[in-house]
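Comments concern the structure below.
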Amino acid sequence: MQLVQLRRISSTTVSSLSTSLNLSLNHHIRNGRIADARKLFDRSQEHRDVATWNTMISGYCKNGQIKNAQHLFDEMPQRDVITWNTMLGGFYRSNDMENLVGCFLEMGRTGVKPTEFTLASVISAVSETGFGVLVPQLHGNAVCLGLNSSVFVGSALIGGYTSLGGCLRSDDLRQVFDEILAKDVTSWNALISGYMSVGDVAEACRMFGKMPERNVVSWTCLVQGYIQNKKMDDARRGFDKMPEKNVVSWTVMISGYERNGRFEEALELFVLMLNSGVQPNEFTLSSVASACAGSSFLVFGRQVHSSILKTGVPTDVLLLSSLVDMYAKCGDITAAESVFETIPEKSLPSWNSIVGGYAKHCYGTRTLELFERMKRHGIKPDNITLVHVLTACAHGGLVEEGEAHFESMVGKFGIQPEKEHFACMVDLYGRAGELEKAKNLIKRIPFEPDIVVWGALLGACGLHSNLEFGLFAAEEMYKLERDHPAAYSLLSKIHGDKGEWARVVELRKMMEVGTKKQKAGSWIGA
DNA sequence: GCGACGGCTT
């Protein structure tokens, strides 16, 4: 009896010692002093329990030090399910899908049974990063473990199935939702987003009406859903009805306008946001910078830039890339380059912004230099990069380089050329006077050439006053779109160069009847 | 009594 009591006392003493240790560890971690936490951890060997290790691992994961987390994980004398879940969360945070899936499988081999925590994080991780094919299997897994009725797993599954895209029916979402036992507001939110993502706006709205409670996220899901489905005015009506708005709600609406080319409305809304007292974050400012880029509003863009510097908003790579793009599109390529050079870890969009900027400003050689530098940094170009590169070659008369890069698309980078790339090549050959080559390339295009492709050929014919090819291209354009103003004006230019003034007058008349003059765009040379 | 992991929106 006494012995039992003594044991109980000593075990509570040990556990309270480790409890206070873990609390101070956590205190250090929460205040960003991860190194102090580690020192304390190293000093307290005899008081550590599993939770101590878990706290330290979690601290490393939160600070993005996944390698240190892995080392501790490997050194640990014993692991519990929380240890595994913490590591999975760490890989998720550092976007390391390979290791995440590997860790999950290893966990299974070790005989540790996944909890709802495990499945929820693995499901949301695989659906975000292109391993979406695993979602139905994880669903099966969840059903076997009886975890599909969990709110966490269920909500993650709705998001996961949604990310599968086209091959999903609305009913499938409903079924996953119905499997959830105690539905909370988050699972309802997931359902609304899901319906919106598969384009079932009506069902999304119906369910929104049936929700037992709504929070700011529910409303934001609704607004975002309308935007996804190109119903901008419904989105704005929903936005105006919101009982409260946070930085995400404002950002969703602003970026919605921006992505739909309604730049002025995006900027107007940004001003309203500032007046409402909600502080913008890096996502907001990135959209606003893009809106400035889209509307060539350099003055506003500069203000945004300086307010970022003044307020000390965290400048992430996305925001800085948008600023580069803004300066480039607004014509200040020097500012674009100096912002670009400040980006510590340049991403694909960063490189695309600066490469595109130089391409637009007709610095052919400079564009190609940057492209080479980009590849040396191990960044794999995408279809957008190649459009910029080919544009630069076309504008700079770099025929051989353009041909080489066009060939390298499929050969080296596995990028299938799209209409834009063919249009660039037609433009490249056309400007260089190789009209025959341009026409032959059009024949090789594996899909129906569009107005941009024929337009490129026609433009080149205008440049070189080639009537035969020009008429051919104009005819093809006419089949696709009657009364295209460019067709008339270029043909009349060619006729004019040939001195056939009667035809010019005739074309001008046809043009006045058939078309309105196109609105002028950016002042940067095309 | 307190501490370690998760689902929906930019």
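This is a predicted model, so every value here is computed, not measured. Letters A, B, ... are given to chains in the order of the sequence lines, protein chains preceding strands, and every chain is numbered from 1.
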In whole Å, what is the span from the CD atom of Glu179(A) to the C1' atom of dG7(B)? 15 Å

Reckon Lys62(A) touches a base, only the sugar-phosphate, or nothing at all at heavy-atom distances under 4.0 Å? sugar-phosphate

To the nearest angstrom, the CG-P distance between Leu40(A) and dA4(B) comes to 16 Å

d(CG, Leu88(A); P, dG7(B)) in whole Å: 12 Å

Would you mind reading off the distance between Tyr60(A) atom OH and dC5(B) atom P, rounded to a whole angstrom? 16 Å

Would you call Arg373(A) and Glu341(A) a salt bridge, using N to O less than 4.0 angstrom? yes

Does Glu282(A) reach a base, just sugar-phosphate, or nothing at all? Heavy atoms under 4.0 Å. nothing

Between dG7(B) atom P and Leu173(A) atom CG, what is the distance in whole Å? 19 Å

Taken to the nearest whole Å, CG/Asn54(A) to P/dA4(B) is 11 Å

Please report the distance, rounded to the nearest Å, between CG in Leu119(A) and C1' in dC5(B). 13 Å

Would you call Asp36(A) and Arg33(A) a salt bridge, using N to O less than 4.0 angstrom? yes

Starting from C1' on dC5(B), measure out to CG on Leu147(A) and report it in whole angstrom. 14 Å

Phosphate-side-chain proximity, Ser121(A) and dC5(B), N/O vs OP1/OP2 below 4.0 Å: no

Please list each protein N or O that sits under 3.5 Å from an N or O in nucleotides 8-10 of chain B, with the distance.
unit_1, atom_1, unit_2, atom_2, d
dC8(B), O2, Asn189(A), ND2, 2.6

Side-chain contact test, heavy atoms from C-beta onward, threshold under 4.5 Å: evaluate it for Asn85(A) versus Met107(A) and give yes or no. yes

Salt-bridge criterion met for Arg237(A) and Asp234(A) (N-O under 4.0 Å): yes

Looking at Asp332(A) and Lys360(A), does any basic side-chain N land under 4.0 Å from a carboxylate oxygen? no

Is there a donor-acceptor pair under 3.5 Å between the side chain of Ser150(A) and the backbone N or O of Val153(A)? yes

Tell me whether the guanidinium CZ or amine NZ of Lys346(A) lies under 6.0 angstrom from the six-membered ring centre of Phe340(A) and within 45° of its axis. yes

